[in-house]
Amino acid sequence: MIRPTNRQLHEAPEALLAWFRRRQREMPWRGTRDPYAIWISEIMLQQTRVTAVTPYYLRFLERFPTVGALARARLGTVLKCWEGLGYYSRARNLHQAAKQIVRDFGGQLPRTAEELQTLPGVGRYTAGAVASMAFGLDEPVLDGNVTRVLCRVFRVAEPPKQQAVQKQLWRLARKLIPPGEAGDFNQAMMELGATICLPRNPRCDSCPICPLCRAHRYNEQTRLPRKADKKPLPHQTIVAGVIRKGPRILIDRRRPEGLLGGLWEFPGGKVRPGETLRQALRREVREETGIEVRVGRQIAVVQHAYSHFRITLHAFACEYQSGTAKPVQCDDVKWVTVEQLSQFAFPKANHGILKQLETSTKNTE
DNA sequence: AATGCGGGGAT
DNA sequence: ATCCCAGCATT
């Protein structure tokens with residue numbers, strides 16, 4: 001829920017406008033009110049930085065100075081002019097839209113946000129941008145910059161990707177527009193996001209609305225906007241055995257390639273569907289080291305998250321029964337004492353087991 | 001709601 | 001390496 005204060009509502013837009021009019025950067029499409037030129041610039045600026053766009057914009061307008069010129073051009077010519085800018089559907093849509101403007105709108109861009117959105121490649125953002133900057137309409141924009149600024153100034157705790165939050169941000173962006181000034185105000189918000197209210201290191205000491213910023217007050221400016229929750233990671237159940245043979249414990253070294261390569265671990269592995277934990281452990285120990293064990297009591301359960309999956313590790317005390325340990329499906333095996341364990345590198349997920357081991361050993365001494 | 005779509009600059 | 005950029009269309 002977004003709850004702007006009256007002070008924010010009244011003071012922030014004016015402060016931003018004043019700041020923007022003093023401090024805005026030079027851009028070749030600023031200062032023109034040619035709707036065609038503004039449209040081209042906005043399409044090019046979709047997901048693309050000002051510095052990347054500038055040379056393309058200049059070349060494009062020279063080559064296709066009007067809607068009619070663009071509509072008459074061959075697609076191949078348009079694409080050639082776009083070459084290197086990326087997102088080439090933008091160029092195809094631009095060409096299509098130009099033809100549509102000639103055919104349906106007499107060669108003039110439609111003058112409402114709603115009609116603008118009927119053009120291919122023109123969504124809610126671009127429609128608002130052209131409507132406000134080219135036609136002076138009080139239409140809002142919401143892009144990555146505006147989203148970041150709003151989430152910080154109004155301390156929006158929910159991820160702005162969520163549809164419900166999007167809806168509120170659009171409403172707020174509209175509400176903030178000083179009547180008749182949407183063009184400059186929208187640009188001011190984006191300019192602030194691009195130069196001051198930066199994603200990682202916002203320059204709050206240079207921000208014209210810092211005193212009105214809720215995130216800054218609570219020192220949360222680098223934690224907002226919140227990123228969408230990532231998808232739940234795939235999960236695996238793992239078993240491992242602390243296998244005793246007299247005073248020694250069996251460990252094995254993982255093969256040098258792959259996950260956790262070269263680290264030592266307690267023998268074990270993934271539990272297969274339908275297997276009990278103990279069945280899986282006996283099987284894995286046999287496959288990995290070639291020995292038979294009796295699985296005893298469970299000594300630890302460890303939850304661990306890797307970057308792209310997570311595991312639940314069940315550790316069991318085991319007793320050596322028969323066979324000779326050898327590196328069958330691992331790089332090396334070794335019988336060691338509890339005291340020696342600390343000399344070997346273990347994955348983080350095994351540290352809990354190691355700790356348990358030290359503790360229980362001391363207790364039995 | 002999730003993806004695909006490009007290429008480059010900042011960290 | 002990862003994030004992010006004056007987003008849109010498609011599924």
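Throughout, protein chains are lettered first and strands after them, A, B, ... in sequence-line order, and every chain is numbered starting at 1.
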Presence of salt bridge, Arg111(A) and Glu115(A), under 4.0 angstrom: no
If the P atom of dC5(B) is compared with that of dA6(C), how far apart are they to the nearest Å? 22 Å
Salt bridge (Lys or Arg N to Asp or Glu O under 4.0 Å) for Glu265(A) and Arg254(A)? Distances and angles first, verdict last. CA-CA 7 Å; Glu265(A) 65 182 3; Arg254(A) 297 173 64 91; 2.9 Å; yes
The residue, Asn93(A) or Met190(A), whose nearest nucleotide of DNA chain C is more 5′ is Met190(A)
Taking the six-membered ring for Trp, are Phe346(A) and Phe266(A) ring centroids under 6.0 Å apart? yes
Using atom P of each nucleotide, how far apart are dC3(C) and dT3(B) to the nearest Å? 15 Å
What nucleic acid atoms does Trp29(A) come within less than 4.0 Å of, heavy atoms only: base, sugar-phosphate, or nothing? base
Say we look at dT11(C) and dG6(B): how far apart would their P atoms be, to the nearest angstrom? 16 Å
Report the C-alpha separation of Arg272(A) and Glu275(A) in whole Å, then their side-chain angles, then the decisive distance to 0.1 Å, and conclude whether the salt bridge (Lys or Arg N to Asp or Glu O under 4.0 Å) test is met. CA-CA 6 Å; Arg272(A) 293 175 183 166; Glu275(A) 248 180 351; 5.1 Å; no
At under 4.0 Å between heavy atoms, what does Arg148(A) touch on the DNA or RNA strands: base, sugar-phosphate, or nothing? sugar-phosphate
With nearest nucleotide decided by heavy atoms, which residue, Leu45(A) or Gln117(A), maps closer to the 5′ end of DNA chain C? Leu45(A)
Indicate for each nucleotide in nucleotides 4-11 of chain B, in 5' to 3' sequence, whether protein heavy atoms under 4.0 Å reach the base (B), only the sugar-phosphate (S), or nothing (-). -BBBBB-S
Side-chain N or O of Lys161(A) versus OP1/OP2 of dA2(B): is the shortest distance under 4.0 Å? no
Listed partners of Asp34(A) passing salt bridge (charged side-chain N to carboxylate O under 4.0 Å, His left out), at least two apart: none
Tyr320(A) and Glu292(A): side chain donor to acceptor below 3.5 Å: no
For DNA chain C, determine which residues of residues 122-144 of chain A have any heavy atom closer than 4.0 angstrom to one of its atoms, and list them numerically. Val122(A), Gly123(A), Arg124(A), Tyr125(A), Thr126(A), Asp143(A), Gly144(A)
In terms of side-chain heavy atoms, does Asn145(A) have a donor or acceptor partner in Arg148(A) at a distance below 3.5 Å? yes
Determine whether the side chains of Thr195(A) and Arg23(A) contain a donor N or O and an acceptor N or O closer than 3.5 Å. no
